[in-house]
2 protein chains.
Amino acid sequence: MQIDGAQDWTHAFPLLRQLPNELFVQLRDASLIVELPEGSRIFGPGQAPDSFLLLLDGTIRVQQTSESGREIVLYRVQAGESCALTTACLLGYEDYQAEGIAETRIRAVAMPRALFDRLIASSREFRQFVFTAFSRRVTNLFRLIEEVAFQRIDVRLAQKLLELAVSRQHIAATHQDLANELGSAREVISRQLSEFARRGWLRVARGTVEIIDGSALTQLARHG
Amino acid sequence: MQIDGAQDWTHAFPLLRQLPNELFVQLRDASLIVELPEGSRIFGPGQAPDSFLLLLDGTIRVQQTSESGREIVLYRVQAGESCALTTACLLGYEDYQAEGIAETRIRAVAMPRALFDRLIASSREFRQFVFTAFSRRVTNLFRLIEEVAFQRIDVRLAQKLLELAVSRQHIAATHQDLANELGSAREVISRQLSEFARRGWLRVARGTVEIIDGSALTQLARHG
DNA sequence: AACGGTCTGTAACTAAGTCACCGAGCGGGC
DNA sequence: GCCCGCTCGGTGACTTAGTTACAGACCGTT
(Lines give C-alpha, C1' and ligand atoms only; values in the text may rest on other atoms or scores of the structure.)
Protein backbone atom coordinates (compact mmCIF):
# COMPACT_ATOMS: atom_id res chain seq x y z
CA MET A 1 0.00 0.00 0.00
CA GLN A 2 1.25 3.42 -0.94
CA ILE A 3 0.05 6.85 -0.16
CA ASP A 4 1.03 9.72 -2.32
CA GLY A 5 1.72 13.40 -2.06
CA ALA A 6 1.45 15.60 0.93
CA GLN A 7 -0.43 13.04 2.96
CA ASP A 8 2.34 10.54 2.93
CA TRP A 9 4.07 11.01 6.21
CA THR A 10 4.36 7.33 6.88
CA HIS A 11 7.77 6.99 5.29
CA ALA A 12 9.15 8.40 8.49
CA PHE A 13 7.84 5.43 10.45
CA PRO A 14 8.68 2.28 8.52
CA LEU A 15 7.41 0.19 11.37
CA LEU A 16 3.92 1.53 11.00
CA ARG A 17 3.77 0.52 7.37
CA GLN A 18 3.67 -3.06 8.50
CA LEU A 19 0.28 -2.49 10.05
CA PRO A 20 -2.67 -4.40 8.63
CA ASN A 21 -4.30 -2.44 5.88
CA GLU A 22 -7.40 -1.52 7.77
CA LEU A 23 -5.51 -0.03 10.67
CA PHE A 24 -3.14 1.76 8.42
CA VAL A 25 -6.04 3.52 6.77
CA GLN A 26 -7.54 4.41 10.13
CA LEU A 27 -4.25 5.79 11.27
CA ARG A 28 -3.80 7.88 8.19
CA ASP A 29 -7.31 9.24 8.29
CA ALA A 30 -7.79 9.85 11.98
CA SER A 31 -4.43 11.42 12.59
CA LEU A 32 -3.76 15.07 12.32
CA ILE A 33 -0.58 16.66 11.17
CA VAL A 34 0.43 19.52 13.42
CA GLU A 35 3.12 22.10 12.90
CA LEU A 36 4.59 24.23 15.62
CA PRO A 37 7.15 27.02 15.48
CA GLU A 38 10.51 26.86 17.17
CA GLY A 39 10.33 27.51 20.86
CA SER A 40 6.76 26.31 21.36
CA ARG A 41 5.99 24.59 24.58
CA ILE A 42 4.49 21.29 23.54
CA PHE A 43 3.68 20.10 27.00
CA GLY A 44 4.39 21.13 30.53
CA PRO A 45 2.75 22.97 33.37
CA GLY A 46 -0.46 24.23 31.85
CA GLN A 47 -0.15 22.55 28.48
CA ALA A 48 -0.88 18.86 28.64
CA PRO A 49 -1.04 17.00 25.34
CA ASP A 50 -4.26 15.26 24.50
CA SER A 51 -2.77 13.03 21.89
CA PHE A 52 0.12 10.79 21.15
CA LEU A 53 2.78 12.45 19.02
CA LEU A 54 4.91 10.96 16.27
CA LEU A 55 7.58 13.42 15.30
CA LEU A 56 8.12 13.91 11.57
CA ASP A 57 10.56 16.80 11.53
CA GLY A 58 12.52 18.72 14.09
CA THR A 59 13.50 17.97 17.65
CA ILE A 60 11.77 18.30 20.97
CA ARG A 61 13.78 18.97 24.09
CA VAL A 62 12.38 17.57 27.30
CA GLN A 63 13.70 19.31 30.36
CA GLN A 64 13.05 20.10 33.93
CA THR A 65 13.40 23.35 35.83
CA SER A 66 14.05 23.57 39.55
CA GLU A 67 12.59 26.12 41.90
CA SER A 68 15.83 28.00 41.91
CA GLY A 69 15.74 28.22 38.13
CA ARG A 70 18.37 25.67 37.32
CA GLU A 71 17.52 23.42 34.39
CA ILE A 72 18.43 19.99 33.16
CA VAL A 73 17.73 18.33 29.83
CA LEU A 74 16.21 14.89 30.30
CA TYR A 75 16.23 13.75 26.68
CA ARG A 76 15.41 14.78 23.17
CA VAL A 77 12.86 13.42 20.77
CA GLN A 78 14.14 13.27 17.20
CA ALA A 79 12.31 12.97 13.90
CA GLY A 80 11.12 9.41 13.49
CA GLU A 81 10.62 8.91 17.19
CA SER A 82 7.57 9.06 19.34
CA CYS A 83 7.02 11.13 22.42
CA ALA A 84 5.73 7.94 23.99
CA LEU A 85 7.14 8.32 27.42
CA THR A 86 6.12 11.76 28.40
CA THR A 87 2.90 11.69 26.49
CA ALA A 88 1.72 8.46 28.02
CA CYS A 89 2.80 9.68 31.40
CA LEU A 90 1.00 12.91 31.19
CA LEU A 91 -2.06 11.18 29.83
CA GLY A 92 -2.00 8.46 32.41
CA TYR A 93 -1.02 9.99 35.66
CA GLU A 94 -1.25 13.66 36.12
CA ASP A 95 0.95 14.90 38.88
CA TYR A 96 4.34 16.16 38.06
CA GLN A 97 5.66 17.44 34.84
CA ALA A 98 8.63 17.88 32.69
CA GLU A 99 8.47 20.40 29.94
CA GLY A 100 8.66 19.76 26.20
CA ILE A 101 10.04 22.51 24.02
CA ALA A 102 10.29 22.57 20.25
CA GLU A 103 13.97 23.17 19.58
CA THR A 104 13.27 23.74 15.94
CA ARG A 105 10.15 24.20 13.91
CA ILE A 106 8.45 20.83 14.17
CA ARG A 107 5.97 18.76 12.26
CA ALA A 108 4.27 15.84 13.95
CA VAL A 109 1.43 13.42 13.64
CA ALA A 110 -1.00 13.77 16.49
CA MET A 111 -2.82 10.54 17.13
CA PRO A 112 -6.02 10.83 19.15
CA ARG A 113 -6.00 8.89 22.34
CA ALA A 114 -8.73 6.51 21.25
CA LEU A 115 -6.78 5.58 18.15
CA PHE A 116 -3.64 5.05 20.16
CA ASP A 117 -5.52 2.63 22.35
CA ARG A 118 -7.02 0.84 19.38
CA LEU A 119 -3.62 0.45 17.76
CA ILE A 120 -2.06 -0.89 20.91
CA ALA A 121 -4.89 -3.36 21.14
CA SER A 122 -4.78 -4.58 17.60
CA SER A 123 -1.22 -4.43 16.41
CA ARG A 124 1.69 -6.38 17.71
CA GLU A 125 3.97 -4.20 15.59
CA PHE A 126 2.64 -1.04 17.13
CA ARG A 127 3.03 -2.44 20.63
CA GLN A 128 6.59 -3.32 19.82
CA PHE A 129 7.15 0.18 18.50
CA VAL A 130 5.77 1.82 21.62
CA PHE A 131 7.42 -0.46 24.13
CA THR A 132 10.77 -0.25 22.45
CA ALA A 133 10.58 3.52 22.51
CA PHE A 134 9.59 3.42 26.15
CA SER A 135 12.35 1.15 27.16
CA ARG A 136 14.98 3.10 25.32
CA ARG A 137 13.93 6.24 27.10
CA VAL A 138 13.89 4.63 30.48
CA THR A 139 17.28 3.14 29.87
CA ASN A 140 18.55 6.59 29.13
CA LEU A 141 16.91 8.02 32.21
CA PHE A 142 18.68 5.41 34.30
CA ARG A 143 21.95 6.40 32.70
CA LEU A 144 21.21 10.07 33.30
CA ILE A 145 20.58 9.42 36.98
CA GLU A 146 23.84 7.59 37.27
CA GLU A 147 25.70 10.39 35.56
CA VAL A 148 24.15 13.17 37.57
CA ALA A 149 24.72 11.28 40.79
CA PHE A 150 28.19 9.91 40.24
CA GLN A 151 30.03 11.42 37.32
CA ARG A 152 32.39 14.33 37.54
CA ILE A 153 31.31 17.49 35.84
CA ASP A 154 34.39 17.74 33.62
CA VAL A 155 33.72 14.27 32.25
CA ARG A 156 30.07 15.05 31.66
CA LEU A 157 30.93 18.33 29.96
CA ALA A 158 33.40 16.60 27.67
CA GLN A 159 30.76 14.03 26.74
CA LYS A 160 28.20 16.69 26.06
CA LEU A 161 30.56 18.75 23.92
CA LEU A 162 31.40 15.73 21.82
CA GLU A 163 27.73 14.87 21.51
CA LEU A 164 26.88 18.38 20.39
CA ALA A 165 29.79 18.56 18.00
CA VAL A 166 29.11 15.39 15.98
CA SER A 167 31.89 15.75 13.43
CA ARG A 168 31.68 19.52 13.31
CA GLN A 169 34.16 21.53 15.36
CA HIS A 170 31.97 24.47 16.19
CA ILE A 171 29.26 24.33 18.79
CA ALA A 172 26.84 27.21 19.05
CA ALA A 173 25.95 27.37 22.71
CA THR A 174 26.45 29.78 25.56
CA HIS A 175 27.94 28.62 28.81
CA GLN A 176 24.49 28.91 30.30
CA ASP A 177 23.10 26.62 27.59
CA LEU A 178 25.68 24.00 28.42
CA ALA A 179 24.97 24.35 32.12
CA ASN A 180 21.28 23.78 31.41
CA GLU A 181 22.09 20.66 29.44
CA LEU A 182 23.93 19.18 32.38
CA GLY A 183 21.91 20.58 35.25
CA SER A 184 24.93 22.50 36.47
CA ALA A 185 25.70 26.16 37.02
CA ARG A 186 27.05 28.61 34.49
CA GLU A 187 30.12 29.53 36.53
CA VAL A 188 31.06 25.89 36.86
CA ILE A 189 30.89 25.39 33.11
CA SER A 190 32.84 28.57 32.46
CA ARG A 191 35.62 27.37 34.72
CA GLN A 192 35.75 23.96 33.10
CA LEU A 193 35.80 25.47 29.63
CA SER A 194 38.64 27.80 30.64
CA GLU A 195 40.55 24.83 31.93
CA PHE A 196 39.93 22.89 28.71
CA ALA A 197 41.04 25.94 26.73
CA ARG A 198 44.16 26.31 28.88
CA ARG A 199 45.07 22.77 27.97
CA GLY A 200 44.59 23.58 24.30
CA TRP A 201 41.64 21.25 23.83
CA LEU A 202 39.30 23.95 22.59
CA ARG A 203 38.82 27.64 21.99
CA VAL A 204 35.93 29.63 23.39
CA ALA A 205 34.33 32.72 22.01
CA ARG A 206 31.09 34.43 22.84
CA GLY A 207 28.35 31.88 22.21
CA THR A 208 30.55 29.25 20.60
CA VAL A 209 32.98 26.54 21.48
CA GLU A 210 35.49 25.35 18.92
CA ILE A 211 36.90 21.92 19.51
CA ILE A 212 40.57 21.58 18.72
CA ASP A 213 41.68 18.36 20.31
CA GLY A 214 38.73 16.01 20.09
CA SER A 215 40.71 12.99 21.10
CA ALA A 216 41.73 14.55 24.40
CA LEU A 217 38.09 15.26 25.10
CA THR A 218 37.16 11.74 24.09
CA GLN A 219 39.69 10.34 26.48
CA LEU A 220 38.36 12.44 29.33
CA ALA A 221 34.79 11.52 28.37
CA ARG A 222 35.66 7.86 28.78
CA HIS A 223 36.42 8.59 32.40
CA GLY A 224 40.05 9.39 31.56
CA MET B 1 -15.93 -15.31 39.39
CA GLN B 2 -14.18 -16.60 42.44
CA ILE B 3 -11.17 -18.76 42.91
CA ASP B 4 -10.61 -20.53 46.11
CA GLY B 5 -7.76 -21.71 48.25
CA ALA B 6 -4.08 -21.51 47.61
CA GLN B 7 -4.49 -20.60 43.97
CA ASP B 8 -6.26 -17.37 44.67
CA TRP B 9 -3.62 -14.72 44.41
CA THR B 10 -5.83 -12.39 42.42
CA HIS B 11 -7.17 -10.56 45.45
CA ALA B 12 -3.91 -8.63 45.41
CA PHE B 13 -4.72 -7.19 42.00
CA PRO B 14 -8.33 -6.05 42.01
CA LEU B 15 -7.91 -4.57 38.61
CA LEU B 16 -7.20 -7.91 37.07
CA ARG B 17 -10.43 -9.34 38.37
CA GLN B 18 -12.23 -7.15 35.92
CA LEU B 19 -10.77 -9.10 33.06
CA PRO B 20 -13.11 -11.04 30.82
CA ASN B 21 -13.62 -14.51 32.14
CA GLU B 22 -11.66 -16.27 29.45
CA LEU B 23 -8.57 -14.15 29.97
CA PHE B 24 -8.83 -14.41 33.68
CA VAL B 25 -8.71 -18.15 33.43
CA GLN B 26 -5.76 -18.02 31.07
CA LEU B 27 -3.96 -15.71 33.43
CA ARG B 28 -4.60 -17.91 36.40
CA ASP B 29 -3.55 -21.07 34.62
CA ALA B 30 -0.56 -19.88 32.64
CA SER B 31 1.04 -17.89 35.42
CA LEU B 32 3.46 -19.29 37.84
CA ILE B 33 3.87 -18.31 41.44
CA VAL B 34 7.50 -17.84 42.34
CA GLU B 35 9.04 -17.38 45.74
CA LEU B 36 12.47 -15.96 46.40
CA PRO B 37 14.39 -15.51 49.61
CA GLU B 38 15.47 -12.15 50.96
CA GLY B 39 18.48 -10.78 49.18
CA SER B 40 17.93 -12.55 45.86
CA ARG B 41 18.90 -10.68 42.80
CA ILE B 42 15.79 -10.70 40.66
CA PHE B 43 17.30 -9.00 37.67
CA GLY B 44 20.49 -7.25 36.84
CA PRO B 45 23.78 -7.89 35.12
CA GLY B 46 23.61 -11.57 34.30
CA GLN B 47 20.09 -12.21 35.48
CA ALA B 48 17.50 -10.91 33.04
CA PRO B 49 13.90 -11.77 33.76
CA ASP B 50 12.01 -13.70 31.12
CA SER B 51 8.63 -12.84 32.44
CA PHE B 52 6.51 -10.04 33.70
CA LEU B 53 6.25 -9.95 37.48
CA LEU B 54 3.30 -9.09 39.66
CA LEU B 55 4.43 -8.80 43.23
CA LEU B 56 2.21 -10.48 45.82
CA ASP B 57 4.29 -10.11 48.96
CA GLY B 58 7.46 -8.34 49.93
CA THR B 59 9.39 -5.49 48.34
CA ILE B 60 11.90 -5.27 45.55
CA ARG B 61 14.56 -2.59 45.61
CA VAL B 62 15.74 -1.35 42.24
CA GLN B 63 19.13 0.29 42.40
CA GLN B 64 22.17 1.22 40.45
CA THR B 65 25.83 0.87 41.27
CA SER B 66 28.55 3.10 39.88
CA GLU B 67 32.00 1.96 38.88
CA SER B 68 33.40 3.43 42.05
CA GLY B 69 30.96 1.37 44.09
CA ARG B 70 28.57 4.11 45.08
CA GLU B 71 24.92 3.10 44.91
CA ILE B 72 21.58 4.80 44.52
CA VAL B 73 18.08 3.42 44.97
CA LEU B 74 15.89 4.20 41.98
CA TYR B 75 12.58 2.97 43.34
CA ARG B 76 10.88 0.13 45.15
CA VAL B 77 8.23 -2.25 43.98
CA GLN B 78 5.68 -3.01 46.68
CA ALA B 79 3.17 -5.83 46.99
CA GLY B 80 0.28 -5.20 44.63
CA GLU B 81 2.49 -3.49 42.08
CA SER B 82 4.07 -4.71 38.92
CA CYS B 83 7.67 -4.58 37.95
CA ALA B 84 6.46 -3.22 34.65
CA LEU B 85 9.10 -0.66 34.00
CA THR B 86 12.24 -2.55 34.49
CA THR B 87 10.86 -5.79 33.24
CA ALA B 88 9.59 -4.34 30.01
CA CYS B 89 12.80 -2.47 29.59
CA LEU B 90 14.99 -5.41 30.11
CA LEU B 91 12.82 -7.47 27.83
CA GLY B 92 12.63 -4.85 25.16
CA TYR B 93 15.98 -3.26 24.88
CA GLU B 94 18.95 -4.98 26.29
CA ASP B 95 21.77 -2.62 26.96
CA TYR B 96 22.11 -1.14 30.36
CA GLN B 97 20.88 -2.42 33.60
CA ALA B 98 19.68 -1.56 36.97
CA GLU B 99 19.58 -4.24 39.57
CA GLY B 100 16.54 -5.62 41.36
CA ILE B 101 17.03 -7.03 44.83
CA ALA B 102 14.49 -8.73 47.04
CA GLU B 103 14.48 -6.69 50.22
CA THR B 104 12.38 -9.28 51.94
CA ARG B 105 11.29 -12.76 51.09
CA ILE B 106 9.03 -12.26 48.13
CA ARG B 107 6.19 -14.02 46.39
CA ALA B 108 5.24 -13.03 42.88
CA VAL B 109 3.23 -14.07 39.89
CA ALA B 110 5.44 -14.60 36.88
CA MET B 111 3.54 -14.05 33.69
CA PRO B 112 5.12 -15.51 30.56
CA ARG B 113 5.93 -12.99 27.94
CA ALA B 114 3.43 -14.36 25.45
CA LEU B 115 0.63 -14.06 27.95
CA PHE B 116 1.66 -10.52 28.79
CA ASP B 117 1.40 -9.64 25.14
CA ARG B 118 -1.95 -11.34 24.78
CA LEU B 119 -3.34 -9.49 27.79
CA ILE B 120 -2.11 -6.16 26.52
CA ALA B 121 -3.76 -6.90 23.22
CA SER B 122 -7.07 -8.01 24.55
CA SER B 123 -7.76 -6.09 27.71
CA ARG B 124 -8.27 -2.41 28.07
CA GLU B 125 -8.15 -2.84 31.81
CA PHE B 126 -4.80 -4.55 31.67
CA ARG B 127 -3.39 -1.87 29.41
CA GLN B 128 -4.57 0.73 31.83
CA PHE B 129 -2.95 -1.18 34.66
CA VAL B 130 0.38 -1.42 32.89
CA PHE B 131 0.48 2.10 31.56
CA THR B 132 -0.52 3.60 34.85
CA ALA B 133 2.26 1.70 36.59
CA PHE B 134 4.69 2.84 33.92
CA SER B 135 3.75 6.43 34.16
CA ARG B 136 3.89 6.49 37.92
CA ARG B 137 7.40 5.10 37.81
CA VAL B 138 8.57 7.53 35.19
CA THR B 139 7.09 10.40 37.11
CA ASN B 140 9.09 9.30 40.10
CA LEU B 141 12.24 8.95 38.04
CA PHE B 142 11.79 12.52 36.87
CA ARG B 143 11.44 13.61 40.45
CA LEU B 144 14.50 11.63 41.45
CA ILE B 145 16.57 13.30 38.74
CA GLU B 146 15.46 16.70 39.92
CA GLU B 147 16.32 15.85 43.50
CA VAL B 148 19.71 14.40 42.74
CA ALA B 149 20.58 17.31 40.51
CA PHE B 150 19.22 20.21 42.52
CA GLN B 151 18.32 19.35 46.04
CA ARG B 152 20.60 19.79 49.01
CA ILE B 153 21.69 16.64 50.74
CA ASP B 154 20.37 17.65 54.16
CA VAL B 155 16.91 18.15 52.69
CA ARG B 156 17.05 14.84 50.87
CA LEU B 157 18.24 13.03 53.97
CA ALA B 158 15.43 14.51 56.05
CA GLN B 159 12.92 13.37 53.43
CA LYS B 160 14.37 9.90 53.34
CA LEU B 161 14.39 9.56 57.11
CA LEU B 162 10.75 10.55 57.29
CA GLU B 163 9.90 8.17 54.49
CA LEU B 164 11.66 5.29 56.23
CA ALA B 165 10.16 6.12 59.58
CA VAL B 166 6.46 6.14 58.59
CA SER B 167 4.98 6.68 62.05
CA ARG B 168 7.63 4.67 63.82
CA GLN B 169 10.50 6.52 65.45
CA HIS B 170 13.21 3.96 64.98
CA ILE B 171 14.90 3.36 61.66
CA ALA B 172 17.17 0.37 61.29
CA ALA B 173 19.80 1.47 58.82
CA THR B 174 23.51 2.09 58.87
CA HIS B 175 24.91 5.36 57.62
CA GLN B 176 26.14 3.47 54.59
CA ASP B 177 22.60 2.21 53.92
CA LEU B 178 21.28 5.75 54.00
CA ALA B 179 24.07 6.93 51.73
CA ASN B 180 23.15 4.19 49.27
CA GLU B 181 19.54 5.27 49.32
CA LEU B 182 20.49 8.77 48.31
CA GLY B 183 23.47 8.08 46.09
CA SER B 184 25.73 9.95 48.48
CA ALA B 185 28.78 9.02 50.54
CA ARG B 186 28.83 7.56 54.02
CA GLU B 187 30.91 10.36 55.51
CA VAL B 188 28.51 12.96 54.20
CA ILE B 189 25.55 11.20 55.78
CA SER B 190 27.42 10.73 59.06
CA ARG B 191 28.13 14.44 59.22
CA GLN B 192 24.54 15.37 58.45
CA LEU B 193 23.23 12.95 61.06
CA SER B 194 25.62 14.38 63.63
CA GLU B 195 24.37 17.84 62.83
CA PHE B 196 20.72 16.72 63.13
CA ALA B 197 21.57 15.05 66.43
CA ARG B 198 23.35 18.18 67.65
CA ARG B 199 20.15 20.11 67.00
CA GLY B 200 18.21 17.54 69.00
CA TRP B 201 16.18 16.29 66.03
CA LEU B 202 17.28 12.69 66.43
CA ARG B 203 19.54 10.25 68.23
CA VAL B 204 21.92 7.91 66.49
CA ALA B 205 23.21 4.56 67.65
CA ARG B 206 25.02 1.84 65.81
CA GLY B 207 22.72 0.76 63.01
CA THR B 208 19.72 2.82 64.05
CA VAL B 209 18.36 6.33 63.93
CA GLU B 210 15.74 7.43 66.40
CA ILE B 211 13.67 10.39 65.39
CA ILE B 212 12.89 12.82 68.16
CA ASP B 213 11.67 15.96 66.49
CA GLY B 214 9.78 14.84 63.41
CA SER B 215 8.30 18.23 62.75
CA ALA B 216 11.71 19.87 62.51
CA LEU B 217 12.70 17.25 59.95
CA THR B 218 9.45 17.76 58.10
CA GLN B 219 10.10 21.45 57.90
CA LEU B 220 13.57 20.91 56.50
CA ALA B 221 12.23 18.28 54.11
CA ARG B 222 9.88 20.86 52.64
CA HIS B 223 12.92 22.88 51.69
CA GLY B 224 12.86 24.79 54.99
C1' DA C 1 29.18 57.01 19.73
C1' DA C 2 26.10 55.83 23.40
C1' DC C 3 23.01 52.45 25.39
C1' DG C 4 20.98 48.23 27.04
C1' DG C 5 20.97 43.59 27.02
C1' DT C 6 23.42 39.38 26.95
C1' DC C 7 27.39 36.85 27.88
C1' DT C 8 31.65 35.83 30.33
C1' DG C 9 35.33 36.33 34.10
C1' DT C 10 36.54 36.39 38.83
C1' DA C 11 36.95 36.17 43.81
C1' DA C 12 35.33 34.59 48.08
C1' DC C 13 32.59 31.52 50.17
C1' DT C 14 29.63 27.23 51.29
C1' DA C 15 28.34 22.50 50.36
C1' DA C 16 29.42 17.97 48.94
C1' DG C 17 32.43 14.33 48.08
C1' DT C 18 37.08 11.94 48.69
C1' DC C 19 40.98 10.00 51.09
C1' DA C 20 43.25 8.09 54.81
C1' DC C 21 43.10 6.65 59.09
C1' DC C 22 41.53 5.26 63.71
C1' DG C 23 38.91 3.60 67.26
C1' DA C 24 34.50 1.88 69.11
C1' DG C 25 31.15 -1.74 69.14
C1' DC C 26 29.81 -6.37 68.36
C1' DG C 27 29.66 -11.29 67.69
C1' DG C 28 31.80 -15.69 67.50
C1' DG C 29 35.19 -19.01 68.98
C1' DC C 30 38.02 -20.63 72.58
C1' DG D 1 35.38 -14.37 80.40
C1' DC D 2 38.79 -12.89 76.72
C1' DC D 3 40.69 -12.35 72.25
C1' DC D 4 40.11 -11.76 67.37
C1' DG D 5 38.23 -9.95 63.35
C1' DC D 6 34.77 -7.43 61.17
C1' DT D 7 31.51 -3.88 60.67
C1' DC D 8 30.34 0.62 61.76
C1' DG D 9 31.06 5.34 62.74
C1' DG D 10 34.16 9.66 63.69
C1' DT D 11 37.53 12.88 62.11
C1' DG D 12 40.68 16.00 59.64
C1' DA D 13 42.63 17.55 55.47
C1' DC D 14 41.80 18.08 50.98
C1' DT D 15 39.36 18.46 46.21
C1' DT D 16 35.40 19.44 43.52
C1' DA D 17 31.01 21.59 42.73
C1' DG D 18 27.77 25.11 43.44
C1' DT D 19 26.55 29.98 45.17
C1' DT D 20 26.80 34.87 45.61
C1' DA D 21 27.94 39.09 44.08
C1' DC D 22 30.08 41.59 41.28
C1' DA D 23 32.58 43.74 37.06
C1' DG D 24 33.57 44.09 32.52
C1' DA D 25 33.40 42.55 27.59
C1' DC D 26 30.73 42.03 23.53
C1' DC D 27 27.06 43.15 20.26
C1' DG D 28 23.14 45.03 17.93
C1' DT D 29 20.36 49.17 17.83
C1' DT D 30 19.55 53.83 17.76
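Naming: A, B, ... by sequence-line order, numbering from 1 per chain.
- As a whole-Å value, the separation of A:Asp154 CG from D:dG18 C1' is 15 Å.
- At whole-Å resolution of the value, CG in B:Leu202 and P in D:dG9 are 13 Å apart.
- Ring orientation note: the planes of A:Phe126 and A:Phe116 are nearly perpendicular, at an angle over 60° on the 30°/60° scale.
- Counted by atom type alone, A:Asn140 and A:Arg143 present one or more donor-acceptor pairs between their side chains at under 3.5 Å.
- Every side-chain contact (heavy atoms from CB on, under 4.5 Å) that A:Ser68 has, sequence neighbours left out, goes to A:Ser66, A:Arg70.
- Counting all heavy atoms, side chain and backbone alike, A:Phe196 lies closest to A:Leu157 at CE1-CD2, 3.8 Å.
- Every residue two or more places apart in sequence or in another chain was checked for a ring pair (Phe, Tyr, Trp, His ring centres under 6.0 Å) with B:Tyr75, and none qualifies.
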Give me, pair by pair, the N or O atoms of the protein and of nucleotides 28-30 of chain D that are less than 3.5 Å apart, along with how far apart they are.
none

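- At a non-hydrogen distance threshold of 4.0 Å, B:Ser184, B:Ala185, B:Glu187, B:Val188, B:Arg191, B:Gln192 from residues 178-198 of chain B come into contact with DNA chain C.
- Each of B:Ala205 and A:Arg70 has a nearest nucleotide on DNA chain D; the 5'-most of these lies closest to B:Ala205.
- Residues A:Thr174 and A:Phe150 each lie close to DNA chain C; by heavy-atom proximity, the contact nearer the 5' end of the strand is made by A:Thr174.
- In this structure, B:His175 reaches the D:dG10 phosphate: one of its side-chain N or O atoms is under 4.0 Å from OP1 or OP2.
- Contacts of residues 206-214 of chain A with DNA chain C (heavy atom under 4.0 Å): A:Arg206, A:Gly207.
- Relative ring orientation between B:Phe134 and A:Phe134 is described as tilted, the plane-to-plane angle lying within the 30° to 60° band.
- We find that A:Glu81 and A:Arg137 are joined by a salt bridge, their nearest charged nitrogen and carboxylate oxygen being less than 4.0 Å apart.
- For the side-chain contact (heavy atoms from CB on, under 4.5 Å) test, residues two or more places apart in sequence or in another chain that qualify with B:Glu103 are B:Thr59, B:Arg61, B:Arg76.
- For B:Arg127, the salt bridge (charged side-chain N to carboxylate O under 4.0 Å, His left out) partners are A:Asp117, not counting sequence neighbours.
- Nucleotides of DNA chain C that come within less than 4.0 Å of any heavy atom of chain B span, from the 5' end to the 3' end, C:dA15 to C:dC26.
- Annotation: ring pair (Phe, Tyr, Trp, His ring centres under 6.0 Å) contacts involving residues 158-178 of chain B, sequence neighbours excluded, are absent.
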Less than 3.5 Å apart, which donor and acceptor atoms pair up between the side chains of residues 199-208 of chain B and the rest of the protein, not counting sequence neighbours?
unit_1: B:Arg199; atom_1: NE; unit_2: B:Glu195; atom_2: OE2; d: 2.8
unit_1: B:Arg199; atom_1: NH2; unit_2: B:Glu195; atom_2: OE2; d: 3.2
unit_1: B:Arg203; atom_1: NE; unit_2: B:Glu210; atom_2: OE1; d: 3.2

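- Every residue two or more places apart in sequence or in another chain that forms a ring pair (Phe, Tyr, Trp, His ring centres under 6.0 Å) with A:Phe129 is listed here: A:Phe13.
- Remark: A:Glu38 pairs with no residue by the salt bridge (charged side-chain N to carboxylate O under 4.0 Å, His left out) rule, at least two apart or across chains.
- D:dA17 atom C1' lies 11 Å from atom CZ of A:Arg156, rounded to whole Å.
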